[in-house]
Peer 1: 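Have a look at this one before I ask anything.
Quantities reported herein were computed from a predicted structural model and do not represent experimental measurements.
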Amino acid sequence: GLIMEQVKTVMQEEFVKNYDFYKDYDDMVMHKETEQIFKTNFINGMVQLVPVSNHMAMQKIEQGMMEFVQELKRQGF
């Protein structure tokens, strides 16, 4: 099942300081330190951050593993 993670609301200055937009999305951001991905909703000068489900994070990890395995094969392991 889905794990309900905490929806956060932050001030815009905190948002700008701690988050970068994710890839080419204009409504998805990544926390600079934790690399957690959030969907953003802008409300009255505040930013609501809704955690993106772990499914997407898992896909990202699996993608990384595939690249790692391909790299090892390329190096002859």
Peer 1: To the closest 0.5 Å, what do you measure between CG (Asp20) and CE (Met28)?
Peer 2: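 The CG atom of Asp20 sits 14.0 Å away from the CE atom of Met28.
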Peer 1: Checking Asn18 now: which residues fulfil side-chain contact (heavy atoms from CB on, under 4.5 Å) with it, not counting sequence neighbours?
Peer 2: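 Asn18 satisfies side-chain contact (heavy atoms from CB on, under 4.5 Å) with Glu14, His31 only.
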Peer 1: What's the verdict on side chain to side chain contact (heavy atoms under 4.5 Å, CB included) for Phe42 and Gln12, showing C-alpha distance, side-chain angles and the deciding distance?
Peer 2: CA-CA 9 Å; Phe42 294 91; Gln12 279 191 323; 3.8 Å; yes
Peer 1: Checking the side chain of Thr40 only, and the main-chain atoms of Asp27 only, is there a donor and an acceptor separated by less than 3.5 Å?
Peer 2: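 Yes, because the side chain of Thr40 sits within donor-acceptor range (under 3.5 Å) of the backbone of Asp27.
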Peer 1: Mark yes when over 12 heavy atoms from residues, nucleotides or ligands other than Glu13 sit less than 6.0 Å from its CD; otherwise mark no.
Peer 2: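 Counting neighbours around CD of Glu13, 12 or fewer heavy atoms of other residues, nucleotides or ligands fall under 6.0 Å, so no.
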Peer 1: Identify the residue among Val7, Thr9, Val10, Asn41 that makes a side chain to side chain contact (heavy atoms under 4.5 Å, CB included) with Leu49.
Peer 2: Val10
Peer 1: Let me confirm one number: the OH-NZ distance from Tyr19 to Lys32, rounded to the nearest 0.5 Å.
Peer 2: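 That separation rounds to 11.0 Å.
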Peer 1: Heavy atoms only: give me the nearest Met46-Met11 pair and the separation to one decimal.
Peer 2: SD-SD, 3.1 Å
Peer 1: Would you compute the distance between atom CZ of Arg74 and atom CD of Glu71 and round it to the nearest 0.5 angstrom?
Peer 2: 4.0 Å
Peer 1: Can you measure from OH (Tyr25) to CD1 (Ile37) and round to the nearest 0.5 angstrom?
Peer 2: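 Between atom OH of Tyr25 and atom CD1 of Ile37 there are 8.5 Å.
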Peer 1: Any donor and acceptor pair, going by atom type alone, linking the side chain of Lys39 with main-chain N or O of Val29 inside 3.5 Å?
Peer 2: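 Pair absent, no side-chain N/O of Lys39 close to backbone of Val29.
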Peer 1: For this output row, return yes or no: ring centroids of Phe38 and Phe15 closer than 6.0 angstrom.
Peer 2: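 Judged by ring-centre distance (under 6.0 Å), Phe38 and Phe15 do not meet the cut-off.
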